[in-house]
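Working notes, structure below.
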Amino acid sequence: MRVEIWSDISCPWCFIGKARFKKALAGFPHREHVEVVHRSFELDPHLAHTRPTTGAAHAKKYGMTPAQARAAEENLAHIARKEGLQYLVDFRDHGNTFDLHRLLHLAAARGLQDELLTLFYEGNFAAERTIYDLEHQVDLAVRAGLDEAEVRAVLADKQAYANKVRRDEAEAAQLGVTGVPFFLIDRKYGLAGAQPTEVVAEVLERAWAERQPELMIIGADDQAGCDADGVCDVPSVGAGGTTRGPALT
């Protein structure tokens, strides 16, 4: 079973959603048969590559006062810490994440994508150092297990893995994805937002049950029956509820 996750390193709910998904997957009895693929999504692709904006400037762009932005960050920090995550409340830089996504595709090619994404999130939300500093990106990539020379070569070549990032983003647009995190399970179930762990676990269970062959039980009177309950939809949860998407395969 394949789970594809569209996310952006600058997105706090993606950071939280990844932690909740990890918990749900850890409790899933068939987790060894689940392939997780991280897909690229830029929340603000028009931000400059050269210099990130401050948190205050970013808040103003979205019509928030510094006090409102800080209150929102405090709330996010509280939620993140409940999930066991470190989260700094002080304003972060906000910059273009395209190069980070390119490095994540390099990591995917080396079997280290999840490790690097985790470090990128921690570097952005829990470190007192901007994630948009090239040397910080190199340090995190090397910590994930990537070769330093290869990392620097990819960062220097703006075309390296760029087509893969654009392909992920184009596919998100085709699927109608307008926000992240977005989870696509077996190309059948779409789960929008950082849903609670128990909701993610339920969707995993239902998706797994649907892909198993129907079990026919023959009784003493030779009449056949099926143990599948036929339920396909997951109840909506809040504003970012769970919906069943079209069968795309």
Side-chain angles (χ1 to χ4, degrees), residues 4-19 21-22 35-58 61 73 76-77 80-81 83-172 180-181:
E4 297 163 87
I5 308 172
W6 274 264
S7 61
D8 195 7
I9 299 92
S10 65
C11 167
W13 284 112
C14 295
F15 183 36
I16 294 167
K18 185 177 186 298
F21 174 78
K22 182 179 179 181
E35 177 190 10
V36 180
V37 180
H38 295 286
R39 302 293 191 191
S40 299
F41 191 101
E42 294 173 273
L43 284 172
D44 198 343
H46 302 296
L47 286 174
H49 286 264
T50 54
R51 180 181 297 177
T53 61
T54 64
H58 194 72
K61 177 180 178 180
E73 284 290 301
L76 284 166
R81 289 163 186 162
E83 300 296 338
L85 302 171
Q86 291 185 337
Y87 192 105
L88 297 179
V89 174
D90 291 334
F91 284 135
R92 295 180 306 281
D93 287 338
H94 295 266
N96 191 291
T97 58
F98 192 74
D99 285 346
L100 296 171
H101 286 295
R102 293 196 301 112
L103 285 179
L104 284 169
H105 278 285
L106 166 64
R110 303 294 177 262
L112 297 167
Q113 189 182 45
D114 189 72
E115 290 86 346
L116 182 57
L117 182 58
T118 297
L119 289 173
F120 275 170
Y121 278 139
E122 291 173 353
N124 191 38
F125 294 103
E128 295 181 353
R129 184 180 178 186
T130 178
I131 193 68
Y132 303 103
D133 173 66
L134 184 145
E135 292 304 321
H136 192 194
Q137 294 171 9
V138 173
D139 289 347
L140 293 173
V142 171
R143 281 178 55 193
L146 293 172
D147 177 74
E148 180 176 346
E150 188 173 33
V151 170
R152 291 187 183 278
V154 167
L155 287 172
D157 179 3
K158 297 304 180 183
Q159 296 307 310
Y161 296 99
N163 62 328
K164 291 186 176 294
V165 177
R166 296 305 185 205
R167 192 176 302 143
D168 282 352
E169 294 178 331
E171 189 167 11
V180 286

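Reckoned from all heavy atoms, side chains included, excluding hydrogens, waters and symmetry mates. Just so it is clear, the structure is predicted and the values come from calculations on it, not from any experiment. For this chain, numbers begin at 1 and follow the sequence in order.
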### Task
Check the pair K164 / H101 against side-chain contact (heavy atoms from CB on, under 4.5 Å), numbers first and verdict last.
CA-CA 9 Å; K164 291 186 176 294; H101 286 295; over 6 Å; no

### Worked verdict on R167 versus N163 for side-chain contact (heavy atoms from CB on, under 4.5 Å)
CA-CA 6 Å; R167 192 176 302 143; N163 62 328; 3.4 Å; yes

#### Entry: Full working for side-chain contact (heavy atoms from CB on, under 4.5 Å) between L116 and H38
CA-CA 11 Å; L116 182 57; H38 295 286; over 6 Å; no

### Query
Would I9 and L117 satisfy side-chain contact (heavy atoms from CB on, under 4.5 Å), going step by step from the backbone distance to the final call?
CA-CA 8 Å; I9 299 92; L117 182 58; 4.3 Å; yes

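Between the side chain of D168 and the backbone N or O of R39, no donor-acceptor pair lies under 3.5 Å. N96 contributes a side-chain N or O that, together with a main-chain N or O of P45, makes up a donor-acceptor pair within less than 3.5 Å. Counting only distance, with no hydrogens or angles, the side chain of Q137 and the backbone of I131 share a donor-acceptor pair below 3.5 Å. Between the R81 side chain and the Y87 main chain, a donor and an acceptor come within less than 3.5 Å of each other.
Across all non-hydrogen atoms, the minimal contact from D139 to R129 is OD2-NH1, 3.3 Å. Closest non-hydrogen pair, L88 versus E73, comes out as O-OE1, 4.1 Å. Scanning all heavy atoms of the two residues, the minimum distance from S40 to H105 falls at OG-NE2, 3.2 Å. Residue N124 comes nearest to D93 through the heavy atom pair OD1-O, 4.4 Å, listed as atom of the first residue, atom of the second, then distance. Contact between K158 and L155 at its shortest, heavy atoms only, is NZ-O, 3.4 Å. Residues C14 and D8 share a closest heavy-atom pair of SG-N, 3.6 Å.
Relative orientation of the F15 and Y121 rings is tilted, given thresholds of 30° and 60° on the angle between their planes.
Contact check on E148 versus R152 returns a salt bridge, with a Lys/Arg side-chain nitrogen under 4.0 Å from an Asp/Glu carboxylate oxygen.
Side-chain contact between D114 and K18 is present, with heavy atoms from C-beta onward closer than 4.5 Å. Contact check for E42 versus R166: side-chain heavy atoms found under the 4.5 Å cut-off. Counting only heavy atoms from C-beta outward, the side chains of L85 and F125 never approach each other to under 4.5 Å.
Listed by first and then second residue, the salt bridge (charged side-chain N to carboxylate O under 4.0 Å, His left out) pairs involving residues 104-113 are R110-E150 (not counting sequence neighbours).
For the atom pair CD (E169) and CD (E171), the distance works out to 11.5 Å, reported to the nearest 0.5 Å. The structure places CG of D44 at 12.5 Å from SG of C11, a figure rounded to the nearest 0.5 Å. Atoms CG and OH, from L103 and Y161 in turn, are 10.0 Å apart once rounded to the nearest 0.5 Å.
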